[in-house]
Protein chains: 2
Amino acid sequence: MNVNLKQLAEMLGLSQTTVSRALNGYPEVSAETRQRVLSAVRETGYRPNRAAQRLATGRAGSIGLVMPIAPGIDSDVHFGEFLAGLGEESVRHDFHFVINPSAPDDEEATFKRLAASGNVDALFLAYVRANDPRIAMLKSLSIPFVVHGRAIGQPADYPFLDIDNTAAFYDATRLLIQLGHRRIALINGPANLTFSIRRKKGLQRALEENGLSFDEDLSQHSLMTDEYGHRAMQRFLEREEPPTAVLCSSTVIALGAVRAINKAGLQIGTDISLIAHDDVLPMLKPENFSIPLTTTRSSLRAAGSRIATRLISRILKTGDYPEQELWRAELIVRASTGPAPKS
Amino acid sequence: MNVNLKQLAEMLGLSQTTVSRALNGYPEVSAETRQRVLSAVRETGYRPNRAAQRLATGRAGSIGLVMPIAPGIDSDVHFGEFLAGLGEESVRHDFHFVINPSAPDDEEATFKRLAASGNVDALFLAYVRANDPRIAMLKSLSIPFVVHGRAIGQPADYPFLDIDNTAAFYDATRLLIQLGHRRIALINGPANLTFSIRRKKGLQRALEENGLSFDEDLSQHSLMTDEYGHRAMQRFLEREEPPTAVLCSSTVIALGAVRAINKAGLQIGTDISLIAHDDVLPMLKPENFSIPLTTTRSSLRAAGSRIATRLISRILKTGDYPEQELWRAELIVRASTGPAPKS
DNA sequence: TAGCAAACTCAAAGCGCTTTGAATTTCGGG
DNA sequence: CCCGAAATTCAAAGCGCTTTGAGTTTGCTA
């Protein structure tokens with residue numbers, strides 16, 4: 001049914017070489033011949049077989065991701081948004097992704113398999129953990145890669161794109177301190193992920209620089225869902241001296257936190273201040289909360305798009321991009337922050 | 001650096017044939033030889049090149065998806081959850097996905113390209129539209145596929161998995177009617193998607209069967225985000241005779257609707273009843289809403305997993321699954337539904 | 001009109017694997 | 001101790017493409 005190069009060439013009375021060259025834009029084909037080839041392609045609906053192309057060139061036009069998955073593991077909203085960013089850029093260059101699901105304890109092996117399979121031209125790693133062994137492994141793999149995030153406790157000598165999480169939460173905390181807050185709580189992402197660690201550090205640093213002490217009990221780690229946000233906030237509010245302000249690592253967490261605050265009959269922005277990190281999820285905009293949320297903003301989608309750009313330029317050897325980028329999150333003040341209540 | 005089959009065979013003093021057979025579990029290899037081969041693989045870290053394998057066998061161990069994407073298009077939370085389901089099952093069979101981003105108006109061509117590329121063994125289609133031309137196209141493609149959802153206005157003579165959306169919203173509406181509600185609003189998904197159309201039909205049918213008329217003005221279509229849910233609900237509440245009950249096509253929509261209701265000073269479950277469709281997103285559980293939500297429930301993730309199962313069994317020609325499945329959503333009554341207020 | 005570079009086109013090799021059909025070895029029975 | 005069947009192993013072809021190195025035309029210049 002489907003035509004292949006050989007048949008196409010035969011139909012045209014040309015050699016495979018010429019047809020291939022005509023298609024791939026080589027200069028040594030006469031304009032007339034190229035036209036003939038192109039219109040034959042249109043008529044027959046010829047599409048080159050990617051596997052063969054891949055085998056011949058060593059390039060596949062694809063980016064590989066490993067998706068940790070297991071019956072118990074929840075999907076992460078943020079993943080979809082990131083993917084959208086990757087896709088947005090990839091589609092321009094006719095690239096695709098190969099997503100390899102993997103049991104969480106088998107991720108390294110999956111990466112290796114993916115790289116060796118020849119199915120992908122580049123790899124991408126996210127959800128970086130503190131001293132992440134996967135990075136060293138990627139470096140050993142001789143295939144381009146970009147890390148979204150950065151490890152901690154090992155030299156940053158690999159290509160990455162990260163946001164300055166420490167600075168983001170440092171700034172947020174400073175704002176709260178300026179408003180008079182003293183007890184500032186944190187509902188963070190999972191404890192082993194570096195962005196969580198850095199955000200906590202940002203909070204801690206700002207507190208200490210202002211002569212305040214960091215209270216470990218006011219810091220919670222959890223999955224970034226509504227439910228956990230709610231639970232954590234509830235627990236904070238049950239304390240003898242509840243915090244007067246809270247930082248949330250995601251607007252999804254904030255959702256639950258806001259609910260807990262409302263339930264407790266407190267008013268956001270006056271009784272308690274809240275700042276969330278905003279990944280710019282289209283599903284959930286901080287400005288649409290009943291009390292619009294003050295946020296540290298950095299678009300996850302933009303990050304995805306940028307990483308695709310860099311990866312693709314590496315593969316195609318076009319353009320020249322910095323190997324390491326640290327984006328600054330914007331602090332956007334809305335109504336959820338206000339002066340600390342007099343106590 | 002990486003070994004290939006030829007080198008491996010050379011090292012072992014065997015032919016490529018034998019090594020290949022040993023690896024792929026063919027019976028005509030002596031147990032001893034097989035052991036030698038396997039341990040050599042372990043030592044060298046040999047991984048077969050998938051592109052070559054693909055070229056030789058015609059199979060790749062992959063499922064192809066087309067992801068519509070463009071700078072303006074929002075990512076959909078539901079997509080990630082579905083992917084998790086697909087992944088959960090795929091990982092068991094060492095399958096992967098090839099995701100091809102595509103401009104929305106180029107989807108058909110992208111499907112064709114994907115199928116012809118030889119990169120995938122099966123295709124998957126979601127977000128079915130009313131009279132979706134993509135289905136006819138898939139049928140013409142001679143590659144297995146499963147549709148998540150069903151078209152309307154064309155024979156259902158293709159493999160699909162869908163939930164009975166009509167029945168779900170019919171049941172939900174009946175419950176509301178039994179509770180005395182007469183003005184029931186609907187905040188639905190995009191107007192061109194078949195699940196939206198069917199849900200509306202369910203509502204309509206239940207109303208008419210009970211001698212109530214369907215009011216087109218009480219039905220809104222929108223993207224399934226918090227923001228649109230909020231906006232739609234707000235508009236409903238501004239009417240002279242606001243509805244006493246509302247159906248939401250997603251818990252994400254419900255989120256915004258609840259907010260609008262609260263803002264209007266109304267009490268959910270007494271002043272106004274709400275039923276949402278629950279895709280079982282881990283991020284947002286209906287039982288955790290401040291007033292737990294009555295829902296029609298059907299796990300999107302389970303659907304993804306099931307579709308992967310069917311697709312893979314088709315590819316591998318193992319097992320035998322029904323070609324068409326219509327799942328029933330469960331109606332789960334919680335606190336957000338109550339008797340209609342006396343007016 | 002010969003001669004030469006430039007412009008085209010081609011045949012064939014090779015990417016790494018599977019699989020066919022044939023060759024070789026092993027083994028039990030006569 | 002030979003023979004045919006069963007058990008192993010192998011060489012080579014082929015999957016569909018790119019690319020090298022060489023061959024053929026064409027268009028000018030001298």
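Within every chain, numbering begins at 1; the chains are lettered A, B, ... in the order of the sequence lines, protein sequences first and strands thereafter.
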Remember a base hit wins even if backbone is also touched, and classify Q53(A) as base, sugar-phosphate or nothing at under 4.0 Å, heavy atoms.
-> sugar-phosphate
Residue pairs, two or more places apart or on separate chains, that pass side-chain hydrogen bond (donor to acceptor under 3.5 Å, both in side chains) and touch residues 43-52 of chain B = R50(B)-D94(B)
Sort and list the pairs that fulfil side-chain hydrogen bond (donor to acceptor under 3.5 Å, both in side chains) and have at least one residue in residues 123-138 of chain A, not counting sequence neighbours.
-> D76(A)-Y127(A), E107(A)-R134(A), N131(A)-Q154(A), D132(A)-R134(A)
Nearest whole angstrom, please: distance from the C1' of dA11(C) to the CD of E28(A).
-> 16 Å
Check against side-chain hydrogen bond (donor to acceptor under 3.5 Å, both in side chains), T17(A) and S20(A) | CA-CA 5 Å; T17(A) 312; S20(A) 170; over 6 Å; no
Answer yes or no: is there a donor N or O on one side and an acceptor on the other, between the side chain of R59(B) and the main chain of V120(B), under 3.5 Å?
-> no
Residue-level proximity of residues 13-25 of chain B to DNA chain D when a heavy atom falls under 4.0 Å | G13(B), L14(B), S15(B), T17(B), T18(B), R21(B)
Test: D320(A) and R310(A) ion pair at under 4.0 Å = no
Boundaries of the chain A footprint along DNA chain D (any atom under 4.0 Å from a heavy atom) | dG16(D) to dG21(D)
Between A52(B) and S30(B), the residue closer to the 5' end of DNA chain D by nearest nucleotide is S30(B)
Between F124(B) and F82(B), is the gap from one ring center to the other below 6.0 Å?
-> yes
Residues at least two apart in sequence or cross-chain that pass side chain to side chain donor-acceptor pair (under 3.5 Å) with D157(B), listed by chain then number, are K139(B)
Just jot down the side chain to side chain donor-acceptor pair (under 3.5 Å) partners of Q53(B), sequence neighbours excluded, or say none.
-> none
